[in-house]
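Take a look at the structure set out below.
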Amino acid sequence: MFPLDDLSGLTDQFTQDPARLIGIPFALVGAVLMSLGAQFQHRGVVKVESSSGREAASGLNFAQLKALLQRPSWVIGTVMLALAIIFQLSALAFSPLILVQPLGAIALVITSVLNARIAKITLNRRSVVAIVACVAGVALFVTTAAIVGVDRPVTSTALIVILVAMVAVLAIFAVVFAVTRSRAKAIFYIVAAGCIYGFVATLAKVILSRVSHGNVGWLTILCIVGLIAGTALGAYFVQNAYASGPPDLVIAGLTVIDPLVAVAVGIIVLREAANAPLWAIFSFVIAGTVAIWGVFQLARHHPQAKP
């Protein structure tokens, strides 16, 4: 049975405390900045790839990475994405996850429309269905997590488990990339970046919490190192994804896989949904499957997707 009492309680919270709605404009601005940033970064990568005379789909080399720093469009896009992160964190500071997280998926819709106009293409029906699946799947997944989830303190043991899992994920994707880089496709870079950024988001939340409580020990330092390493490798995969596919496909992967991984870490490691009813389990499975299916369908049927 769907928990109508839970939904009613959430509605009462927003009615009694309108300040919780302040995060909505922050989330919307963040979504717009993410869309524009992706478009500018994609343009910069494509121009660098063209001017270097070497395809970057198999991995950007050092010269191409250096050239990106000298490309105004890429720098502007990077600044916009940094501002998008700031606005998204600000949104979470004012409003609960259930309210602002689904709004991040709006970036996918904006990017798809913007890219279609700039590239002068028409999204086919399968691409539109895929985008709708991504947005709907993420919204259902995060909403379910917000209803049944319970905030739990991150213990040192749980944090060590998260760090070990992140190191394993980084190692796996690094090895797979080294072995298959000549055959790697956009979907690999997107899945890799999304999974890595899911852990990065979790570590960022943990670091802010520990620092605010004055808990700056060796474990916090390890978290900062993991955050920097994950951000760097994830950013590299994102740039390679821009060279392999359209920007809306990249945003689809990040707005779908990133939150799914972050919430999954909370559910599995932190046991934030330990008492979740059976309907919630089915909701998680269905929502996650639909969202991920949408990403793969978009990678397969997007008009700009490379064969």
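Numbers here are sequence positions counted from 1.
With rounding to the nearest 0.5 Å, the separation of CD1 in Ile118 from NE2 in His42 is 10.0 Å. The distance from atom CD1 of Ile76 to atom CD of Gln39, rounded to the nearest 0.5 Å, is 13.0 Å. Atom CD1 of Ile251 and atom SG of Cys134 lie 11.5 Å apart (nearest 0.5 Å). Cys223 SG to Phe199 CZ: the interatomic distance, rounded to the nearest 0.5 Å, is 12.5 Å. To the nearest 0.5 angstrom, Ile207 atom CD1 is 8.5 Å from Leu159 atom CG. Leu123 contributes atom CG, which lies 13.5 Å from atom NE2 of His301 (distance to the nearest 0.5 angstrom).
A side-chain contact (heavy atoms from CB on, under 4.5 Å) with Thr231 is found for one member of Leu203, Ile196, Val200 and no other, namely Val200.
Side-chain contact check for Leu65 versus Leu69: every heavy-atom pair is 4.5 Å or farther apart. Taking 4.5 Å as the limit, some side-chain heavy atom of Met34 sits within range of a side-chain heavy atom of Thr255. Contact of the Val45 side chain with the Arg71 side chain is not registered, since no non-hydrogen atoms from C-beta on lie closer than 4.5 Å. Between Thr78 and Gln41, some side-chain heavy-atom pair lies under the 4.5 Å cut-off. Side-chain contact between Leu68 and Gln64 is absent, with no heavy atoms from C-beta onward closer than 4.5 Å. Between His302 and Asn115 there is a side-chain heavy-atom pair separated by less than 4.5 Å. No side-chain heavy atom of Trp74 sits less than 4.5 Å from a side-chain heavy atom of Phe40. Contact annotation: the side chain of Leu249 approaches that of Pro246 to within less than 4.5 Å [non-hydrogen atoms, C-beta and beyond].
Closest approach of Ala262 to Thr202, counting heavy atoms only: CA-OG1, 3.9 Å. Between Leu140 and Thr144, the closest heavy-atom pair is O-OG1, 2.8 Å. Ala38 and Pro247 make their closest contact through O-CB, 4.0 Å (heavy atoms, listed as atom of the first residue, atom of the second, distance). Counting all heavy atoms, side chain and backbone alike, Gly44 lies closest to Ser73 at CA-OG, 3.3 Å. When all heavy atoms of Gly194 and Ile257 are compared, the pair lying nearest together is C-CG2, 3.6 Å. Listed here is the closest heavy atom pair of Ala235 and Tyr197: N-OH, 2.9 Å.
Note on Trp293 and Val191: separate hydrophobic clusters, where clusters join Ile, Leu, Val, Met, Phe, Trp and Tyr whose side-chain heavy atoms are under 4.5 Å apart, directly or indirectly. By the criterion of side-chain heavy atoms lying less than 4.5 angstrom apart, applied directly or through intervening Ile, Leu, Val, Met, Phe, Trp or Tyr residues, Val176 is grouped together with Leu233 in one hydrophobic cluster. The same ILVMFWY cluster, assembled from side-chain heavy atoms under 4.5 Å apart, contains both Ile160 and Val265. Note on Ile292: it does not cluster hydrophobically with Val285, by side-chain heavy-atom contacts below 4.5 Å among ILVMFWY residues. A continuous path of Ile, Leu, Val, Met, Phe, Trp and Tyr side chains, each step under 4.5 Å between heavy atoms, connects Ile172 with Val238, placing both in one hydrophobic cluster.
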Item to check | Test log, rule side chain to side chain contact (heavy atoms under 4.5 Å, CB included), inputs Val48 and Gln70 | outcome: CA-CA 10 Å; Val48 166; Gln70 301 172 348; over 6 Å; no
Checklist entry - Does the pair Leu114 and Leu36 meet the rule for a side chain to side chain contact (heavy atoms under 4.5 Å, CB included), with working shown? => result CA-CA 8 Å; Leu114 185 63; Leu36 295 174; 3.7 Å; yes
Checklist entry - What do the steps show when you test Ile187 against Val295 for side chain to side chain contact (heavy atoms under 4.5 Å, CB included), and what is the final call? => result CA-CA 8 Å; Ile187 192 63; Val295 174; 3.8 Å; yes
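A distance-only check finds a donor-acceptor pair linking the side chain of Ser35 to the backbone of Ala107 [under 3.5 Å]. Between the side chain of Ser283 and the backbone N or O of Trp279, no donor-acceptor pair lies under 3.5 Å.
Between Phe26 and Phe87, the ring planes are tilted. Angles from 30° to 60° get that label.
Checked against the 6.0 Å centroid threshold, Tyr189 and Tyr236 do not count as a close aromatic pair.
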